[in-house]
Amino acid sequence: MARSPERKRIIVAITGATGAQIGIQILKTLRGLNVETHLIISKWAGETIKYETDYTTATVRALADYSYNAHDLAAPISSGSYKVDGMIIAPCSVKTLAAINAGICDDLITRAADVCLKERRRVVLSVRETPLSEIHLRNMLDVSRAGAIIAPPVMALYTRPSSIEDVITQMVGRLLDLFDLDARNFERWEGMQKEV
């Protein structure tokens, strides 16, 4: 897998938490930005994709440049010597959050996140759960201290979204901003207009 020097390389993982469309939109947006994507779909993400969207796991995998089985711990992205610009897990289940926090690398998602953290690469966890227990909050604090960014999929109401697609587009744009990638397809806050 030769790497083009000007092309960014991002690992995208989709877990079984509700919100599969967020991960799918990330893949579509990254493709439009010419970012090389390495996709991992957990077993339960496959079920959530079927339940929440009109996509199949195969059609989601086709959106990525490379796709891996979640149990393939020999994949290139399981090693720190394989250069990537970071990893985004969206949606990120609290189970995955807990495993990353505990350093349990029992699948490729948690191993790739562990590798990115140890190599000091950007890791964004779009944790999808509500309400949050003390355990969830402790895990978030600890992985944040370890270098990850916790970015729950929170809607921006100042954009006055008229559809779920508007909400997801805004969220995905904000998540990709964390990798210095400007999707240029969502409204940014410009301040309130004051009447004179």
Side-chain angles (χ1 to χ4, degrees), residues 10-30 37-55 57 60 63-64 68 70-71 77 86-117 121-159 161 163-179 181 183 186:
I10 304 284
I11 301 168
V12 178
I14 303 174
T15 71
T18 188
Q21 186 63 40
I22 300 165
I24 293 167
Q25 188 61 41
I26 287 169
L27 288 167
K28 290 161 100 177
T29 305
L30 289 174
T37 52
H38 294 255
L39 175 64
I40 315 160
I41 299 174
S42 76
K43 174 189 169 189
W44 288 109
E47 295 302 314
T48 305
I49 288 166
K50 284 191 283 187
Y51 185 77
E52 293 183 349
T53 76
D54 293 328
Y55 288 86
T57 303
V60 174
L63 296 171
Y68 307 95
H71 300 292
I77 57 174
M87 179 175 188
I88 184 165
I89 305 176
C92 180
S93 67
V94 292
K95 175 187 174 194
T96 302
L97 166 70
I100 293 168
N101 184 45
I104 299 171
C105 301
D106 62 348
D107 67 14
L108 187 55
I109 293 174
T110 53
R111 173 61 186 168
D114 190 69
V115 165
C116 284
L117 287 172
R121 296 175 184 149
R122 178 70 39 105
V123 176
V124 174
L125 307 179
S126 191
V127 178
R128 175 60 191 88
E129 188 62 80
T130 193
L132 297 167
S133 74
E134 182 180 341
I135 294 166
H136 304 146
L137 294 167
R138 277 197 319 259
N139 284 334
M140 283 191 250
L141 180 60
D142 287 347
V143 296
S144 181
R145 287 176 174 158
I149 296 174
I150 304 298
V154 177
M155 70 176 84
L157 295 176
Y158 68 85
T159 64
S163 67
I164 295 288
E165 290 75 24
D166 288 349
V167 171
I168 290 171
T169 298
Q170 176 78 20
M171 283 184 214
V172 168
R174 291 289 292 123
L175 291 170
L176 295 182
D177 271 355
L178 297 170
F179 293 90
L181 293 167
F186 71 97

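Note that the numbering runs from 1 along the sequence shown for the chain. Every value quoted in this text rests on a predicted model; they were computed, and no experiment measured them.
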Exercise for review: Tell me, yes or no, whether the heavy-atom count around Ile135 atom CD1, taken from other residues, nucleotides or ligands under 6.0 Å, exceeds 12.
Suggested key: no
Check your understanding: Closest approach of Ser93 and Thr15, non-hydrogen atoms and distance?
Key -> N-OG1, 2.9 Å
Point to revise | Ala45 to Ile41 - nearest heavy-atom pair and separation | key: CB-CG2, 3.6 Å
Review point. For Lys50, what residues pass the salt bridge (Lys or Arg N to Asp or Glu O under 4.0 Å) criterion, not counting sequence neighbours?
Key: Glu47
Exercise for review: Taking Arg122 for its side chain and Leu178 for its backbone only, find out whether a donor-acceptor pair lies under 3.5 Å.
Suggested key: yes
Exercise for review: Calculate, to the nearest 0.5 Å, the distance between atoms CE and NE2 belonging to Met87 and His38 respectively.
Suggested key: 12.0 Å
Exercise for review: Output, in order, the C-alpha distance, side-chain angles, deciding distance and verdict of side chain to side chain contact (heavy atoms under 4.5 Å, CB included) for Val94 and Asn139.
Suggested key: CA-CA 9 Å; Val94 292; Asn139 284 334; over 6 Å; no
Check your understanding: Under the 3.5 angstrom rule, does the side chain of Thr48 hit a backbone N or O of Gly16 as a donor-acceptor pair?
Key -> yes
Revision key, fill the gap. Distance col, row Met171:CE vs Ile26:CD1, nearest 0.5 angstrom, shows 10.5 Å
Using atom types as modelled, flag every donor-acceptor pair under 3.5 Å from a side chain in residues 107-117 to any protein atom, sequence neighbours excluded.
residue, atom, partner, partner atom, Å
Asp107, OD1, Ile109, N, 3.2
Asp107, OD1, Thr110, N, 2.8
Asp107, OD1, Thr110, OG1, 2.8
Thr110, OG1, Ile104, O, 3.1
Thr110, OG1, Asp106, N, 3.4
Thr110, OG1, Asp107, N, 3.4
Thr110, OG1, Asp107, O, 3.2
Arg111, NE, Ser78, O, 2.9
Arg111, NH2, Ser78, O, 3.1

Study note, to complete from the structure: To the nearest 0.5 Å, atom OG of Ser126 lies from atom CD1 of Ile149 at 11.5 Å
Check your understanding: Can any side-chain N or O of Thr53 pair as donor or acceptor with the backbone N or O of Ile49 at less than 3.5 Å?
Key -> yes
Practice item. State, to 0.1 Å, how close Ile150 and Val143 come at their nearest heavy-atom pair, and which atoms those are. Key: CD1-CG2, 3.5 Å
**Study point:** Which atom of Ile40 lies closest to which atom of Ala70, heavy atoms considered
**Key:** CG2-CA, 3.8 Å
Review point. Under the 3.5 angstrom rule, does the side chain of Glu52 hit a backbone N or O of Gly19 as a donor-acceptor pair?
Key: yes
Point to revise | Pairwise distance CG(Leu97) to CG(Leu137) - rounded to 0.5 angstrom | key: 9.5 Å
Check your understanding: If only atom types and distance count, is the side chain of Thr96 paired as donor or acceptor with the main-chain N or O of Cys92 below 3.5 Å?
Key -> no
Practice item. Please test Val167 against Thr159 for side chain to side chain contact (heavy atoms under 4.5 Å, CB included), starting from the C-alpha separation and ending with a verdict. Key: CA-CA 9 Å; Val167 171; Thr159 64; over 6 Å; no
**Study point:** Side chain Thr37, main chain Leu27, donor-acceptor under 3.5 Å
**Key:** no
Review point. At what distance, to the nearest 0.5 angstrom, does CG of Leu125 lie from CD1 of Ile89?
Key: 5.0 Å
Check your understanding: Looking only at heavy atoms, what is the nearest atom pair of Gly23 and Pro91, with distance?
Key -> N-CD, 4.5 Å
Review point. Once you round to the nearest 0.5 Å, how far does CG of Leu181 lie from CD1 of Ile88?
Key: 9.5 Å
Review point. What are the two closest non-hydrogen atoms of His136 and Pro131, and how far apart are they?
Key: ND1-O, 4.1 Å
